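Worksheet for the structure shown next.
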Number of protein chains: 2
Amino acid sequence: MTDTAPLPDEADQARTFTRLREAHASEVTEDYVELIADLIDSEGEARAVALANRFGVTPATVNNTVKRLERDGYVTSRPYRSIFLTDKGRALAEDCRERHQIVTQFLLALGVSADVAEADAEGIEHHVSAETLDAFRNFIATK
Amino acid sequence: MTDTAPLPDEADQARTFTRLREAHASEVTEDYVELIADLIDSEGEARAVALANRFGVTPATVNNTVKRLERDGYVTSRPYRSIFLTDKGRALAEDCRERHQIVTQFLLALGVSADVAEADAEGIEHHVSAETLDAFRNFIATK
DNA sequence: ACCTATTATTAGTCAAGACTAACTTTGCAA
DNA sequence: TTGCAAAGTTAGTCTTGACTAATAATAGGT
């Protein structure tokens, strides 16, 4: 047995980092569905070349990732055609968009400049728990 | 020429995501030097098994990562011995520790519970720019 | 001193996410 | 209508970060 003493918060910490690794795995997915939704709204469709330009990666990388997204049920696509969100993908995109907006508005409310708020939100949004997001919402509201 | 119109903020966005990917690449490095520093302070030395337990990964993974850290000049190690920070590693650990503390204190000041503040800080700390960190510091101070 | 448990290492595998280079398809303009 | 540039795809490679399984070293207890 190992329930004697030496790993009380060790296990907690391990859980934190495991969660963190899982969060990272879904970051790319979230960034993609979020951008695909934005492109559909603003351009009418999401083309691989636009994703590649926005993310700063090659079309080949976009292709790989879109295949994974398709495998995981977030998007549909046909060769040489544009990319569509499934219901699951659209739902995720909506969640992400909301979180993204709250984080951005929060940083702005805190006095961070617009460019930096946008850039930092992109990184922070994936690591904000429900509780922290509520705290952000609250701060924006009572400000 | 491509300086006519359609990619004004497309390029900005690409830069944001490129920076983000680079940030991610250094996250593991930062987490390791931070924890190694903590272990040296609290236990007197940093053993692979402790890192494995805290991160929730196998010893084999720690070994791989420590080799990379050694290759990149952050730590030194000898087979079957504990791990030491180089000056470069120690300097990075100091920076990370400060950032980590500020983020944690900020979340606490915002009313987030201790556990969640700790967990979220672990994810957020790697994505906070100097400007945002200042805003956090400021908030803590004037609170 | 030696055995055994803990710790560390090595070898081999896998998925994600990136790349280049070569190829194919599409669709628009002349 | 065809021909070429833009867009998309495929194949092959690399690094990181994870794993398991097998092996090796160390160190503590008797």
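Computed from a predicted structure; not experimentally measured. Naming: A, B, ... by sequence-line order, numbering from 1 per chain.
Listed nucleotides dC19(D), dG17(C), dT9(D) differ in distance to Ala60(B); the shortest reach to its side chain belongs to dC19(D).
At the phosphate of dG17(C), neither OP1 nor OP2 sits under 4.0 Å from any side-chain N or O atom of Thr61(A). Not one side-chain nitrogen or oxygen of Lys67(A) sits closer than 4.0 Å to the OP1 or OP2 atom of dT9(D). An OP1 or OP2 oxygen of dA15(C) is reached within less than 4.0 angstrom by no side-chain nitrogen or oxygen of Arg71(A). Distances shown here put every side-chain N or O of Arg68(A) at or beyond 4.0 Å from the OP1 or OP2 atom of dA15(C). Between Thr65(A) and dG17(C) there is no side-chain N or O to OP1 or OP2 distance below 4.0 Å. Neither OP1 nor OP2 of dG17(D) sits under 4.0 Å from any side-chain N or O of Asn64(B).
To the nearest angstrom, P of dC14(C) lies 21 Å from CZ of Arg21(A). When rounded to the nearest whole Å, the span between CG of Leu51(B) and P of dG17(D) equals 14 Å. In this entry the distance linking CZ of Phe55(B) with P of dG17(D) reads 11 Å, nearest Å. As a whole-Å value, the separation of Glu27(B) CD from dG17(D) P is 10 Å. A straight line from CG of Leu69(B) to P of dG17(D) spans 9 Å, rounded to a whole angstrom. Note: CG (Asn63(B)) to P (dT23(D)) measures 17 Å, nearest angstrom.
Side chain of Arg54(B) to backbone of Glu10(A): no donor-acceptor contact under 3.5 angstrom is found.
Only Arg47(B), Ala48(B), Val49(B), listed by number, bring a heavy atom of residues 32-49 of chain B to less than 4.0 angstrom from any atom of DNA chain C.
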For nucleotides 22-26 of chain C, tabulate all protein N/O to nucleotide N/O atom pairs closer than 3.5 Å, reporting atom names and distance.
residue: dT24(C); atom: O2; partner: Tyr80(A); partner atom: OH; Å: 3.3
residue: dT25(C); atom: O4'; partner: Tyr80(A); partner atom: OH; Å: 3.4

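Leu51(A) and Phe84(A) are assigned to two separate hydrophobic clusters, defined by single-linkage of ILVMFWY side chains at heavy-atom distances under 4.5 Å. When the side chains of ILVMFWY residues are joined at heavy-atom separations under 4.5 Å, either directly or via intervening members, Leu20(B) and Val128(A) end up in two distinct hydrophobic clusters.
In this structure, Phe106(B) and Phe136(B) have parallel ring planes: the angle between them is below the 30° cut-off, well short of the 60° mark. In this pair, Phe17(A) and Phe55(B) present their aromatic rings perpendicular. The plane angle is above 60°, beyond the 30 to 60° band.
For the pair Val28(A) and Arg78(B), both in contact range of DNA chain C, the more 5′-proximal nearest nucleotide belongs to Arg78(B).
Using a 4.5 Å heavy-atom cutoff, the side chains of Arg47(B) and Asn53(B) are not in contact. Proximity of Leu92(B) to Arg97(B): side-chain heavy atoms (C-beta onward) are nowhere separated by under 4.5 Å.
Here Arg68(A) pairs with Val28(A), Thr29(A), Thr65(A), Arg71(A), Asp72(A) under the side chain to side chain contact (heavy atoms under 4.5 Å, CB included) rule; sequence neighbours left out.
His100(B) pairs in a side chain to side chain donor-acceptor pair (under 3.5 Å) with only one of the listed residues (Glu118(B), His126(B), Gln105(B), Glu30(B)), which is Glu118(B).
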